[in-house]
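First comes the structure, then the notes that go with it.
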Amino acid sequence: MKKELEKKRIKKKQDKAHRKEERRGNSTGGDLENMMAYVNADGDLVSTPEEAAPRPDVIRRNN
């Protein structure tokens, strides 16, 4: 009985390692650029950044 349990444990560990290697091989990559999302002026998520509009100058008054 102990030998059978040991064999099952080893088999389960090998299967898990095999699945892990498959996931690594099939991954598309976790680069930051691939995961980046931007919000446009309408509030929608887009994959490319919107062109930055020039900001109006702020006039400060001294009181």
Side-chain angles (χ1 to χ4, degrees):
M1 183 68 176
K2 287 184 180 180
K3 288 182 180 181
E4 291 175 15
L5 291 175
E6 182 70 17
K7 286 180 183 179
K8 284 183 182 180
R9 187 181 66 77
I10 291 172
K11 173 97 168 99
K12 187 175 181 181
K13 194 172 187 178
Q14 289 174 344
D15 289 344
K16 186 175 180 180
H18 180 69
R19 287 192 308 269
K20 183 179 179 181
E21 287 299 318
E22 280 185 9
R23 282 194 309 270
R24 281 188 180 175
N26 294 334
S27 70
T28 59
D31 295 340
L32 182 62
E33 290 298 319
N34 292 341
M35 294 186 282
M36 197 64 95
Y38 301 94
V39 180
N40 64 8
D42 298 328
D44 298 325
L45 292 176
V46 293
S47 61
T48 57
E50 188 174 308
E51 291 291 327
R55 295 179 58 179
D57 293 333
V58 177
I59 301 173
R60 296 184 184 187
R61 294 184 184 176
N62 292 334
N63 292 331

So, using salt bridge (charged side-chain N to carboxylate O under 4.0 Å, His left out) as the criterion, who are the partners of Arg9 when residues are at least two apart?
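Salt bridge (charged side-chain N to carboxylate O under 4.0 Å, His left out) check on Arg9 returns Glu6.
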When Lys16 is tested against each of Lys13, His18, Arg19, Lys12 for side-chain contact (heavy atoms from CB on, under 4.5 Å), which residue passes?
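The option that passes is Arg19.
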Residue list, side chain to side chain contact (heavy atoms under 4.5 Å, CB included) with Lys20, at least two apart or on another chain
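Lys20: side chain to side chain contact (heavy atoms under 4.5 Å, CB included) contacts with Arg23, Arg24.
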Residues that Val46 engages under side chain to side chain contact (heavy atoms under 4.5 Å, CB included), provided they are two or more places apart
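Side chain to side chain contact (heavy atoms under 4.5 Å, CB included) list for Val46, sorted by chain: Tyr38, Asn40.
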Inspect the contact between Lys11 and Asp15 and indicate whether a charged nitrogen and a carboxylate oxygen are less than 4.0 angstrom apart.
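Looking at Lys11 together with Asp15, the answer is yes, because their closest N to O distance falls below 4.0 Å.
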Heavy-atom check, side chain of Val39 versus side chain of Leu45, under 4.5 Å:
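Yes, at least one pair of side-chain atoms sits under 4.5 Å.
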